[in-house]
Amino acid sequence: MRIIYSFIALILYAFTTTSFAETIQITNGEWPPYLSKKYKHHGVVSHIVTEAFKAEGIEVKYGFFPWARSLHQAKEGSPWAASVVWSKSEERKVDFLFSDPVFSLKSVFFHKKDIKVDWSNIAELGKYKIGATISYNYGDEFKKLEGDGTLSVQRIPKDLNNFKKLLAGRIDLFPIEMQVGYEMITNEFSPGQAAILTNSKPFRETPYYLIISKAAPNSEAFLKAFNRGLKKIQSSGAYQKMLDDDIDGKYKVR
């Protein structure tokens with residue numbers, strides 16, 4: 001009888017620690033070259049997240065939404081349990097668990113070449129009209145300066161429209177990760193338009209994370225599984241190969 005109870009306990013343990021993890025549904029969005037419904041594996045960062053979970057026996061299903069909606073739906077915890085990828089902020093920490101860093105990027109201000117942008121700290125940029133994207137976090141310093149009116153910031157829903165405003169002269173500066181900015185410029189604008197734009201020096205380097213809703217069932221277990229899987233693919237060399245493939249343009253559909 002003791003053997004039977006032990007066997008049942010083992011089955012129950014296996015069920016609670018593995019069967020829940022068959023699938024996780026994650027919200028996603030357009031952020032080429034790192035995240036895109038149109039790219040192979042949905043972009044290199046989506047691929048990293050997929051492979052990290054796969055290393056722990058978990059299948060990933062993505063849903064692509066506008067970023068504000070992507071965050072809101074993940075916050076609910078069901079059916080979408082997580083979202084990829086986000087920087088840390090105090091507001092997000094209230095509702096989400098943060099994974100180990102998935103990758104890091106440097107942020108710059110894009111501007112027209114005929115505008116001289118020289119600064120030692122971003123508080124000196126108050127004379128410029130700055131475009132920004134709703135729900136994006138540009139760092140604590142930017143947030144503070146935006147909040148107290150030191151920076152003149154206009155927020156709209158999409159990065160692409162901020163670039164259009166920049167080209168039209170309706171804003172002077174637009175903060176975005178450098179690689180993301182140049183990918184968007186190359187994909188969305190003519191060579192003549194692209195030649196008008198340049199970027200400032202970086203104003204911050206930001207790690208990005210998978211975020212898992214605290215309201216999602218088994219959120220802690222999913223988080224631990226992802227972190228274990230991420231370490232596995234980093235140790236195996238698979239992580240670096242994916243980054244190298246991204247540099248070689250292998251995720252872009254020709």
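Note: hydrogens, waters and symmetry copies are ignored here, and every other heavy atom, side chains too, is used. Keep in mind that this is a model prediction, so the values were computed, not measured.
Here the side chain of Lys214 pairs a donor or acceptor atom with the backbone of Lys93 at under 3.5 angstrom. Between the side chain of Lys201 and the main chain of Trp119, a donor-acceptor pair closer than 3.5 Å is present. A donor-acceptor pair is defined here as one N or O able to donate and one able to accept, closer than 3.5 Å; no such pair exists between the side chain of Asn227 and the backbone of Ser99. Judged by distance alone, with hydrogens and angles left aside, the side-chain atoms of Asp248 form no donor-acceptor pair with the main-chain N or O of Lys250 at under 3.5 Å.
To the nearest 0.5 Å, atoms CD1 (Ile134) and CD1 (Ile156) are separated by 8.0 Å. Here CD1 of Ile185 is found 5.0 Å from CG of Leu197. Values are rounded to the nearest 0.5 Å.
Counting only residues at least two apart or in different chains, ring pair (Phe, Tyr, Trp, His ring centres under 6.0 Å) contacts with residues 139-170 comprise Phe110-Phe163, Tyr138-Phe142, Phe163-Phe174.
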**Request:** Quick one: do Lys158 and Glu30 satisfy salt bridge (Lys or Arg N to Asp or Glu O under 4.0 Å)? Show the steps, please.
**Result:** CA-CA 10 Å; Lys158 294 184 178 180; Glu30 290 298 319; over 6 Å; no
**Prompt:** Please walk me through it: do Tyr128 and His111 pass ring pair (Phe, Tyr, Trp, His ring centres under 6.0 Å)?
**Reply:** CA-CA 10 Å; Tyr128 299 102; His111 59 89; 8.3 Å; no
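Residue His47 is tested with Tyr39, Tyr251, Tyr239 for a ring pair (Phe, Tyr, Trp, His ring centres under 6.0 Å); the sole match is Tyr251.
Counting only heavy atoms from C-beta outward, the side chains of Leu105 and Gln179 approach each other to under 4.5 Å. A heavy-atom distance below 4.5 Å is found between the side chains of Glu146 and Arg155. Here the side chains of His72 and Arg69 are not in contact, with every heavy-atom distance at 4.5 Å or above. Between Leu71 and Arg92, some side-chain heavy-atom pair lies under the 4.5 Å cut-off. A 4.5 Å side-chain heavy-atom check between Leu223 and Leu210 finds every atom pair outside the cut-off. Here the side chains of Ile24 and Phe226 are not in contact, with every heavy-atom distance at 4.5 Å or above. Looking only at side-chain heavy atoms (C-beta outward), Val85 and Phe103 come within less than 4.5 Å of each other. Put simply, the side chain of Pro101 reaches to within 4.5 Å of the side chain of Tyr209, judged on heavy atoms.
A salt bridge between Lys144 and Asp140 is absent, with no side-chain N of the basic residue lying under 4.0 Å from a carboxylate O of the acidic one. Lys252 has a carboxylate O that lies under 4.0 Å from a charged side-chain N of Glu183, or vice versa, which qualifies the two as a salt bridge. The pair Lys164-Glu188 does not count as a salt bridge, with every side-chain nitrogen at least 4.0 angstrom from each carboxylate oxygen.
The heavy-atom pair separating Lys129 from Gly169 by the smallest distance is NZ-O, 4.0 Å. Residue Lys112 comes nearest to Leu167 through the heavy atom pair NZ-O, 3.0 Å, listed as atom of the first residue, atom of the second, then distance.
Using a 4.5 Å cut-off between side-chain heavy atoms of Ile, Leu, Val, Met, Phe, Trp and Tyr, with links allowed through other members, Ile247 and Leu35 fall into different hydrophobic clusters. The hydrophobic cluster containing Tyr182 also contains Val45, counting ILVMFWY residues as joined when their side-chain heavy atoms lie under 4.5 angstrom apart, directly or transitively. The hydrophobic clustering, which links ILVMFWY residues whose side-chain heavy atoms are closer than 4.5 Å, places Val180 and Leu166 together. The cluster map of Ile, Leu, Val, Met, Phe, Trp and Tyr, joined by side-chain heavy atoms under 4.5 Å apart, puts Trp80 and Val60 in different clusters.
For an aromatic pair to be called close, the ring centres must be under 6.0 Å apart, and Phe96 with Trp86 fails this. Aromatic rings of Tyr136 and Trp31 (six-membered ring for Trp) have centroids beyond the 6.0 Å cut-off, not under it.
Remark: the Tyr62 side chain and the Thr50 side chain contain an N/O donor-acceptor pair separated by less than 3.5 Å.
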